[in-house]
Protein chains: 2
Amino acid sequence: MVETGTKSPRERYRTQVRAEIKERAWEQIATAGASALSLNAIAKQMGMSGPALYRYFAARDELITELIRDAYRSLADTFRAASESGPDHVALAHALRGWALDDPHRYFLIYGTPVPGYHAPDDITAIASEIMTTLLDACTALASGSPATPFETHLEGHRQWADGHPAPPAALRRALTFWTRMHGVLSLELAGHFTGMGFDPALLFAAELDDLPAH
Amino acid sequence: MVETGTKSPRERYRTQVRAEIKERAWEQIATAGASALSLNAIAKQMGMSGPALYRYFAARDELITELIRDAYRSLADTFRAASESGPDHVALAHALRGWALDDPHRYFLIYGTPVPGYHAPDDITAIASEIMTTLLDACTALASGSPATPFETHLEGHRQWADGHPAPPAALRRALTFWTRMHGVLSLELAGHFTGMGFDPALLFAAELDDLPAH
DNA sequence: TTCTTTCGTTATAAGTTGTAACGCAATGGA
DNA sequence: TCCATTGCGTTACAACTTATAACGAAAGAA
């Protein structure tokens, strides 16, 4: 095959059909959850027979993996956009919350109940570490130097996950805490555990954001 | 039917079979996840034909609801036991972590990705509020009186969820924060998001427990 | 025009949940 | 002891699902 520089019509068609399949898949996930995702139903919606979809995705799991990849990609882009005007963990927090509320199922595809035996491919973990780097940048901006707590001392000696990032221990700790606390509020809120309780989840989120380790 | 006081042989047999079905269900969930739970497979394991199970559980969802109920009940009992020697949120935290690590799938059945359209029956929400009451007792023990932060002021006027509990605003806030922060660490840990990162999740958990709002 | 690749089809296999109809066995009362 | 009722487990079946195989048609390349 000669190098055309632009995509062939066939490839254009193929990527377009793949995109439409993913769109329908997101719709289905939103109404019935990821576990109820049916390739047959998607095919019918698109006016073609069930097995036809297997030309585009080798298996149901491959489609879901692709959706997970897109979700990570989308979060990484959101973080990057929020960091455009400088490293700022408050901006990241609000971006994260907006992104999560925008499509809860997308959030749960990343941070929800894990499927036993499923392992994300390497390119997805690469996107995850891209997200972590953005977060570390923001947390480094405000953090001071030497470790002040036992856990920060522990982190100083266990920082493989920072992947060479020069963040001081306090920043490492701040990034981890940002992650777990924001996730703690968001995940319970999105799962509906706060509904009917009366208080405003947004205020709890803000309070937690305000209470992050200051150092 | 005459009131026998003790169960009839038939009822004893019935409850025993139901218990064995649930045991097999837990085993399946542990190896393949809740979404892959198969009534047929359970029946085969027990040496009987598929439809026989429908004498014991009207539908797959009813079995899962029963498992969720058992999970909540188990957590409530664990909390109660941890509170036996007086209200102590540190004891609750360690009990929670032990309970979660003991069976991650049981934890995710309660706090994992919600199933769209599923609503827990009233008796389950009653157990949930029993858990919350135990937590509020522990948080009241250490908290002072008047609200000190904007969010605590907000909680003072939105405390339906406390269900009449006389906890001061600082205790309400402490309870919510306990919940979201412990869940934030535990859920990410159990989902495997920390694996390969190098640090010790137990230390992060301890650090978060130590950092709870003090007031 | 001809060759080749790709696509969508139907047929089929092996699962799943759940219902229906039947027979057997155990329970409880006379 | 006998009998009627109740409950249990079975097979048969309907309507799904994922996934593979084999075939025909359409589209792109030479």
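Each chain gets a letter, A, B and so on, in the order its sequence line appears, and its residues count up from 1. All heavy atoms count here, side chains included; hydrogens, waters and symmetry mates do not.
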query = Taking NZ, NE, NH1 and NH2 as the nitrogens, is one of them in A:D102 or A:R106 under 4.0 Å from a carboxylate oxygen of the other?
reply = yes
query = Is the shortest distance from a Lys or Arg side-chain nitrogen in A:R174 or A:E152 to a carboxylate oxygen in the other one below 4.0 Å?
reply = no
key: Distance below 4.0 Å between A:R14 side-chain N/O and C:dT6 OP1 or OP2   = no
task = Output the single nucleotide from D:dG9, C:dA25, C:dG8 whose closest atom is nearest the side chain of B:A52.
result = D:dG9
ask   = Does the side chain of A:L39 come within less than 4.5 Å of A:F57's, by heavy atoms?
value = no
note = Assert: residue with more 5' nearest nucleotide on DNA chain D, out of B:G50 and A:Y54, is B:G50
query = When all nucleic acid strands are considered with a 4.0 Å heavy-atom cut-off, which category describes A:Y13: base, sugar-phosphate, or nothing?
reply = sugar-phosphate
task = Run the salt-bridge test on B:D211 and A:R173 with the 4.0 Å N-O cut-off and return the result as yes or no.
result = yes
request  = State whether the distance check finds a donor on one side and an acceptor on the other, under 3.5 Å, for side chain A:R55 versus base C:dG8.
outcome  = yes
message = Over all strands shown, is A:Y56 touching base, sugar-phosphate only, or nothing at heavy-atom distances under 4.0 angstrom?
response = sugar-phosphate
remark   = Its contact letters, B for base, S for sugar-phosphate only and - for none at protein heavy atoms under 4.0 Å, make nucleotides 12-17 of chain D read B----S
task = Return the nearest nucleotide to the side chain of B:M48; candidates are D:dT20, C:dG18, D:dG9.
result = D:dG9
ask   = So does A:R14 pair up with A:E11, basic N to acidic O under 4.0 Å?
value = no
Distance-only side-chain donor-acceptor flag, B:H183 / A:S187, under 3.5 Å = yes
